Amino acid sequence: MLSWLPENVSTYGGKIDGVFALIYYIVGAWFLLAEGLLIYFVVRYRRKEGRKAAYVPANDGKTLSWVLIPVGLVLLFDLAIDAAGAEAWKEVKLNLPPPGQTIRVRGRQFAWEFTHPGQDGQLGTPDDIQTLNQLHVPVATVVQFSLESSDVIHSFWLPFLRLKQDAVPGRTIRGWFEATKAGEFPIGCAEICGMGHGNMKGMLHVYSPENYQAWLASQYEETEE
């Protein structure tokens, strides 16, 4: 039923999709029930010759149950959604695993600037690699990022990884992801940030370990040339 979502290629994407599915089915069931009852009441109590409309005050338990029982059920379902969402939030935002690689992401009107560690594997050293709108990572590696903005609020959005995090001026926000599949996946900005917002696009390149090392080596070859 959720086949319209982009393919999930992250380790925590399944939990996020699970929350989506839970909301989808609960809301869908309530929608069908509510619309079914509405149609039934319209037909069952439609205007008829000799029948007058009447006001029925909710001053007894039987009448009040039409309000209190649905309210109680909605509350229970809402708590179930909150519990599932809290589990996903805990994994994505609270329990950052040890990084296999660390990168820096900076949003500006209207591009993404990425800083990758060089061959020494350390960020903040002379061999760091900077790219514009092109993020390069190895597959099956925990990638931690520090996210910043140079001007206005942006939103770092990788739908295939189920990752969307606002970039706020003056703040450094940390997050992580682990891609489970090699390939190329789009990066967007999910916060309207100006006239060029629609052109603020990038690409995530996920490599096998061997191909990632080859990409690293190619960056130094280009520099030497």
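Keep in mind that what you see is a predicted model, and the values were worked out from it rather than measured. The first residue in the sequence is number 1, and the count goes up from there.
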Considering all heavy atoms of both residues, which atom of M203 and which atom of H205 are nearest to each other, and what is their separation? O-CD2, 3.6 Å
Option among R104, R171, R174, R106 that satisfies the salt bridge (Lys or Arg N to Asp or Glu O under 4.0 Å) test with E148: R106
Using modelled atom types and a 3.5 Å cut-off, is there a donor and acceptor pairing between side-chain atoms of W176 and backbone atoms of V92? yes
Do the non-hydrogen side-chain atoms of I153 and P169 ever get within less than 4.5 Å of each other? yes
Can you establish whether the number of heavy atoms outside Q130 located under 6.0 Å from its atom CD is more than 12? no
To check you understand the geometry: which heavy-atom pair defines the closest contact between D60 and K62, and what is its length? OD1-N, 3.1 Å
Do the side chain of D127 and the main chain of Q119 share a donor and acceptor less than 3.5 angstrom apart? yes
Hey, what do you get for CG (L123) to CG (D128), rounding to the nearest 0.5 Å? 5.0 Å
Side-chain heavy atoms of L204 within contact of V137, under 4.5 Å: yes
Parallel, tilted or perpendicular: which fits the ring planes of H154 and W112, with parallel below 30° and perpendicular above 60°? perpendicular
If you compare all heavy atoms of M200 against all heavy atoms of R108, which two are closest, and at what distance to 0.1 Å? CE-O, 3.5 Å
For the residue pair Y12 and L161, what are the closest heavy atoms and their distance? CE1-O, 3.5 Å
With a 4.5 Å cut-off on side-chain heavy-atom distances among I, L, V, M, F, W and Y, is there a chain of contacts connecting L5 to Y25? yes
Inspect the surroundings of NZ in K90 and state if more than 12 heavy atoms from other residues, nucleotides or ligands are less than 6.0 Å away. no
Group every Ile, Leu, Val, Met, Phe, Trp and Tyr by side-chain heavy-atom contacts under 4.5 Å, then state whether L73 and L22 land in the same group. yes
Would you indicate whether the side-chain heavy atoms of L158 and F185 approach each other to under 4.5 Å? no
Would a distance-only check, ignoring hydrogens and angles, find a side-chain to backbone donor-acceptor pair under 3.5 Å from T141 to V139? yes
Around atom CH2 of W89, are there more than 12 heavy atoms of other residues, nucleotides or ligands at under 6.0 Å? no
Enumerate donor-acceptor pairs with a distance under 3.5 Å from any side-chain N or O in residues 94-102 to protein atoms, sequence neighbours excluded.
unit_1, atom_1, unit_2, atom_2, d
Q101, OE1, Y212, OH, 3.1
Q101, NE2, Y212, OH, 3.4

Is atom CZ of F20 surrounded by more than 12 heavy atoms (other residues, nucleotides or ligands) closer than 6.0 Å? no
When you group the ILVMFWY residues by side-chain heavy-atom contacts below 4.5 Å and let the links chain together, are V9 and V142 in the same group? yes
Find out if a path of hydrophobic residues (ILVMFWY) with successive side-chain heavy-atom gaps under 4.5 Å connects I69 to W66. yes
State, with a plain yes or no, whether a side-chain heavy atom of L135 is found less than 4.5 Å away from one of V143. no
Distance (rounded to the nearest 0.5 Å) between E178 CD and S10 OG: 9.0 Å
To the nearest 0.5 Å, what is the distance between CG (N133) and CZ (F110)? 12.5 Å
Which of parallel (below 30°), tilted (30 to 60°) and perpendicular (above 60°) describes Y24 and W4? tilted
Under 3.5 Å donor-acceptor, H116 side chain and H136 backbone: yes
Could you go through F177 and F145, starting from their C-alpha distance and side-chain angles, then the distance that decides it, and tell me whether this counts as side chain to side chain contact (heavy atoms under 4.5 Å, CB included)? CA-CA 8 Å; F177 64 86; F145 60 85; 4.1 Å; yes
Smallest heavy-atom separation, C189 atom then H197 atom, equals O-CE1, 2.9 Å
Mind checking whether R162 and K15 have side chains closer than 4.5 Å, heavy atoms only? no
Is there a side-chain contact between V27 and F77 (heavy atoms, below 4.5 Å)? no
Shared hydrophobic cluster, F160 / V19 (ILVMFWY, side-chain heavy atoms < 4.5 Å): no
Describe, in one word, how the ring planes of F41 and Y45 are oriented to each other, choosing from parallel (under 30°), tilted (30 to 60°) and perpendicular (over 60°). tilted
Look at the side chain of D120 and the backbone N and O of Q122, then say whether any donor-acceptor pair between them is shorter than 3.5 Å. yes
When rounded to the nearest 0.5 angstrom, what is the spacing between OG in S208 and NZ in K181? 14.5 Å
Check P138 against V206 and note the closest heavy-atom contact, atom names and distance. C-CG1, 4.2 Å
Do other residues, nucleotides or ligands put more than 12 heavy atoms under 6.0 Å from the CG atom of L64? yes
Under a 3.5 Å distance rule, please check whether D78 uses its side chain to pair with a backbone N or O of V74 as donor and acceptor. no
Taking the side chain as every heavy atom from C-beta outward, state whether I173 and S146 have any pair of such atoms under 4.5 Å apart. no
With side chains defined as the heavy atoms from C-beta onward, is the minimum distance between W215 and I129 less than 4.5 Å? yes
